[in-house]
Novice: 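Following this message is one structure expressed as structure tokens.
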Amino acid sequence: MKYHPAPKTQGSLFIPVAWRNLWRNRRRTLLTVAAIAFGMLIVQLVMSIQSGSYGPMIALGTRMGSGHIQILHKSFHDEPRIEYSIVNIDERLSNLDNAPALDFVSARAETFALVSNDPHSTAALVNGVIPERELALSDMPTKVVKGSYLTGDNQAFIGAGLARNLQLDVGGEIVILGTNADGGIGAAVAEVSGIFEATTELERALIQVSLNTFQEAFDMPDQAHRIVALVDDPMSMGDGFETLDRARVDDEIVMDWTELMPEISEGIEIDIVSNAVLQFVLILIVVLSVMNTFVMTLFERTREYGVLFAIGMKRAFVYRMTMIEVVLLWLVGIVCGGLLTCLLVVPLMFTGIVIPASEDALQSQFAFMPTAIYPDFSWWVVFTAPVVIGIGAVISVSLVAIRLARLDITEALRSE
């Protein structure tokens, strides 16, 4: 007579029996739970730090340079010549100020010119800005180390390296000489209002003046080279991009920070790929640990499986029991891992992970290196690791079950 479990008790017995089977070898089960928990902890920690670093990196990079979105002449990005300007700046800025998709908007003009303080001279990038708008749009005004930021026309805000090369100090006069939009000579004399420190490249080559001063010096009335905008979320710029696209004219294009500062977007992509490889290896180790547990279980319980098959239990029931065991093991592991992650990551979300070197050594080379990283414990960080580990564990146990399906009853009963 074959053994047929009662339908009503069959399902209810699976879970307690599976739970009991897990703890037959307490040490191995605890080691597997620890592997799942610590694997999940490491993966979630890396993912949260990775996710939390992108926001500050993008914010610092865009606020030191490009902004999030720009309108510019279609030829200016590839060939930044002074004549490739955009017009009607005052009217367009006034219209864009009321756009709900944009947080801040301003205009900038730029050209390379000869700057001098007799008898010293050098080439520099002259940047025309609207000072009151730049305070909200850029972090450059916060880099002042001497004097003050621009407050009006005929003033210059220069880098510390440029000030040393020209032997200039606050209050000194700097002469700007270049080519204007018509191919003639553009010139201006400005008083140094402040000196800033940022990256070495910016300190040596950048000078800011008011947009009015720039327009008068280079014969560009109501013109600039870029309309620059910030949006609320730089990772989702659809509405802001559409707003600027409606404001452009035929010979202009709209570009976002991923095109204007490709070094940041490419760096993020490389970081995502490299971390994905690390996370895959960690998850693979955890999955192999789970697989090893059930391979050893299969060998240890071969005789038991043989007896069950001999009295008539279907192999599908034994497979279901094994699957419930792996699910219970996974649940215990992710609960322990979740508790460890909360204990470690949640406090860091408020205190941050300080990068001591970034304030001095790193920021001398990278303007967008944050001084602290605050982990981002978002939903994809919370669910990705446990779900992937769970799927991997189920697949691994399914592979183990192939041997279970092929198990010969006679050989199983003879095993010790």
Novice: Going by heavy atoms in the side chains, are I227 and V105 under 4.5 Å from each other?
Specialist: yes
Novice: Determine, stepwise, if the pair Q70 / S66 fulfils side-chain hydrogen bond (donor to acceptor under 3.5 Å, both in side chains).
Specialist: CA-CA 8 Å; Q70 291 186 5; S66 68; 5.0 Å; no
Novice: State whether the side chain of T29 and the backbone N or O of R26 hold a donor-acceptor pair below 3.5 Å, judged by distance alone.
Specialist: no
Novice: Within a reach of under 6.0 Å around CG of D232, are more than 12 heavy atoms found that belong to other residues, nucleotides or ligands?
Specialist: no
Novice: Mark yes when over 12 heavy atoms from residues, nucleotides or ligands other than R133 sit less than 6.0 Å from its CZ; otherwise mark no.
Specialist: yes
Novice: Quick one: do the D256 and T258 side chains pair a donor with an acceptor below 3.5 Å?
Specialist: yes
Novice: Apply side chain to side chain contact (heavy atoms under 4.5 Å, CB included) to the pair F214 and T111, showing each step before the final yes or no.
Specialist: CA-CA 9 Å; F214 189 101; T111 188; 3.7 Å; yes
Novice: Tell me if a side-chain donor or acceptor on H73 pairs with a main-chain N or O of H225 at a distance below 3.5 Å.
Specialist: no
Novice: Nearest heavy-atom pair of A156 and I174: which atoms, and what distance?
Specialist: CB-CG2, 3.8 Å
Novice: List the atom of L150, the atom of S193, and the distance in Å for their closest heavy-atom pair.
Specialist: CD2-OG, 3.7 Å
Novice: So, do D78 and Y84 sit near enough that their side-chain heavy atoms are less than 4.5 Å apart?
Specialist: no
Novice: Kindly compute the distance separating CD1 (I334) from CG (L340), expressed to the nearest 0.5 Å.
Specialist: 13.0 Å
Novice: Is the backbone of I58 close enough, under 3.5 Å, to the side chain of T62 for a donor and an acceptor to pair up by distance?
Specialist: yes
Novice: Quick check against the 3.5 Å criterion: does S51 have a side-chain atom that pairs as donor or acceptor with the backbone of S48?
Specialist: no
Novice: Can you name the closest pair of heavy atoms from E173 and L168 and give their distance?
Specialist: O-CD2, 3.5 Å
Novice: Do I195 and E203 come close enough that some side-chain heavy atom pair is under 4.5 Å?
Specialist: no
Novice: Can you check whether M140 reaches L202 side chain to side chain, under 4.5 Å on heavy atoms?
Specialist: yes
Novice: Go through I71 and V254 one step at a time and tell me if the side chain to side chain contact (heavy atoms under 4.5 Å, CB included) criterion holds.
Specialist: CA-CA 5 Å; I71 297 176; V254 179; 4.2 Å; yes
Novice: Checking side-chain contact (heavy atoms from CB on, under 4.5 Å) against Q215, which of N212, D219, T213 comes through?
Specialist: N212
Novice: With a sphere of 6.0 Å drawn around CH2 of W23, does it hold more than 12 non-hydrogen atoms of other residues, nucleotides or ligands?
Specialist: yes
Novice: So M40 and P386, do their side chains get closer than 4.5 Å, heavy atoms only?
Specialist: yes
Novice: How many angstroms lie between atom CG of L72 and atom CG of D251, to the nearest 0.5 angstrom?
Specialist: 10.5 Å
Novice: May I ask you to test the N127-R108 pair for a side-chain heavy-atom distance under 4.5 Å?
Specialist: yes
Novice: In the structure I gave you, are the side-chain heavy atoms of Y54 and I272 within less than 4.5 Å of one another anywhere?
Specialist: yes
Novice: To the nearest 0.5 Å, what is the distance between NE2 (H68) and OG (S236)?
Specialist: 12.0 Å
Novice: Do the non-hydrogen side-chain atoms of W257 and V231 ever get within less than 4.5 Å of each other?
Specialist: no
Novice: Could you check whether atom CE of M235 has more than 12 heavy atoms from other residues, nucleotides or ligands sitting under 6.0 Å from it?
Specialist: no
Novice: According to the salt bridge (Lys or Arg N to Asp or Glu O under 4.0 Å) rule, which pairs have a member within residues 236-247, sequence neighbours left out?
Specialist: D245-R248
Novice: Do you know the tightest heavy-atom contact between A35 and V286?
Specialist: O-CG2, 3.4 Å
Novice: Give the C-alpha distance, both sets of side-chain angles, the deciding distance and a yes or no for side chain to side chain contact (heavy atoms under 4.5 Å, CB included) between D222 and N88.
Specialist: CA-CA 6 Å; D222 201 23; N88 299 326; 4.2 Å; yes
Novice: Hey, which of N292, T293, N25 is the one that makes side-chain hydrogen bond (donor to acceptor under 3.5 Å, both in side chains) with T32?
Specialist: T293
Novice: Here's a test for you: under side-chain contact (heavy atoms from CB on, under 4.5 Å), which of L125, I82, V126 qualifies with E110?
Specialist: L125
Novice: Would you say the side-chain atoms of D182 pair up with the backbone N or O of G184, donor to acceptor, closer than 3.5 Å?
Specialist: no
Novice: Take a 6.0 Å sphere around CZ of F38 and say whether it holds more than 12 heavy atoms from other residues, nucleotides or ligands.
Specialist: no
Novice: Taking all heavy atoms of I49 and all of I353, pick out the closest pair and write down the distance.
Specialist: CD1-CD1, 3.6 Å
Novice: If you measure from CG on L137 to CD on E132, what distance do you get to the nearest 0.5 Å?
Specialist: 12.0 Å
Novice: Report the C-alpha distance between V115 and T122 in whole Å, list the side-chain angles of each, state the deciding distance to 0.1 Å, and finish with yes or no for side chain to side chain contact (heavy atoms under 4.5 Å, CB included).
Specialist: CA-CA 6 Å; V115 294; T122 187; 3.8 Å; yes
Novice: Within this structure, what is the CD1-CD1 distance for the pair I283 and I42, rounded to the nearest 0.5 Å?
Specialist: 11.5 Å
Novice: Ring pair (Phe, Tyr, Trp, His ring centres under 6.0 Å) with F157: which residues, sequence neighbours excluded?
Specialist: Y149, F196
Novice: Should the pair R92-E252 be classified as a salt bridge under the 4.0 Å nitrogen-to-oxygen rule?
Specialist: yes
Novice: Quick one: pull up CE in M47 and CD in Q279 and give me the separation to the nearest 0.5 Å.
Specialist: 5.5 Å
Novice: Please give me the minimum heavy-atom distance between L230 and A136, naming the atom from each residue.
Specialist: CD1-O, 4.1 Å
Novice: Donor-acceptor pair, distance only, cut-off 3.5 Å: does the side chain of S94 make one with the backbone of D90?
Specialist: no
